[in-house]
Amino acid sequence: MDSVPYTKDEELAFLRLARDGDMSAFEKLAEPYRMKAIGWATQRVGVDDAEDVVMQAMDKAWRSLPAFGGDARFSSWLYRI
């Protein structure tokens, strides 16, 4: 896994804000992993569909934030989606 862009405390602060509906906080959490996710998706579904797959995963992550307890790193949880 690539280096994590935020400390655990910073990540938890963004997570709290995102759970309260702050989309910009969610984007700060998710954006550092977007290009890696696109690369992963490209290998599995091809270039034409990779962006759509990642957008769907990000949307699911946004809607599923209440289920994320914060006990794992956000990146680990996001990649599982």
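Atoms considered below: every heavy atom in the structure, side chains included; atoms not considered: hydrogens, waters and symmetry mates.
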The reported gap from OG in Ser75 to CD in Glu11 (rounded to nearest 0.5 angstrom) is 6.5 Å
Contacts of Glu51 meeting side-chain hydrogen bond (donor to acceptor under 3.5 Å, both in side chains) (sequence neighbours excluded), chain-then-number -> Arg34
Would the number of heavy atoms belonging to other residues, nucleotides or ligands and lying under 6.0 Å from CZ of Arg80 be above 12? no
Separation between NZ (Lys28) and CG (Leu15), nearest 0.5 Å, reads 14.5 Å
Interatomic distance, CD@Gln56 vs CG@Asp49, rounded to 0.5 Å, equals 9.0 Å
CZ of Phe26 to CG of Leu17, rounded to nearest 0.5 Å, is 13.5 Å
When every non-hydrogen atom of Thr42 is compared with those of Ala50, the smallest separation belongs to OG1-CB, 3.2 Å
- If we ignore angles and hydrogens, is there a donor and acceptor under 3.5 Å between the side chains of Ser24 and Asp22? yes
Is there a path from Ile81 to Tyr33 through hydrophobic residues (I, L, V, M, F, W, Y) whose side chains come within less than 4.5 Å of each other? yes
In short, ring-ring contact (aromatic ring centres under 6.0 Å, His included) pairs touching residues 36-61 with sequence neighbours left out are none
Side-chain donor-acceptor contacts of residues 57-69 below 3.5 Å, not counting sequence neighbours, with atom names and distances?
from  : atom 1 : to    : atom 2 : distance (Å)
Asp59 : OD2    : Arg63 : NE     : 3.0
Asp59 : OD2    : Arg63 : NH2    : 3.2
Ser64 : OG     : Lys60 : O      : 2.8

- Message: If hydrophobic clusters are built by linking Ile, Leu, Val, Met, Phe, Trp and Tyr wherever their side-chain heavy atoms come under 4.5 Å apart, do Tyr6 and Leu12 end up in the same one?
- Response: yes
Distance col, row Asp9:CG vs Phe14:CZ, nearest 0.5 angstrom, shows 12.0 Å
Check your understanding: Are Ile38 and Tyr79 grouped together when hydrophobic residues (ILVMFWY) are joined by side-chain heavy atoms under 4.5 angstrom apart?
Key -> yes
Under 4.5 Å between side-chain heavy atoms, hopping through other hydrophobics if needed: is there a path connecting Val45 to Met35? no
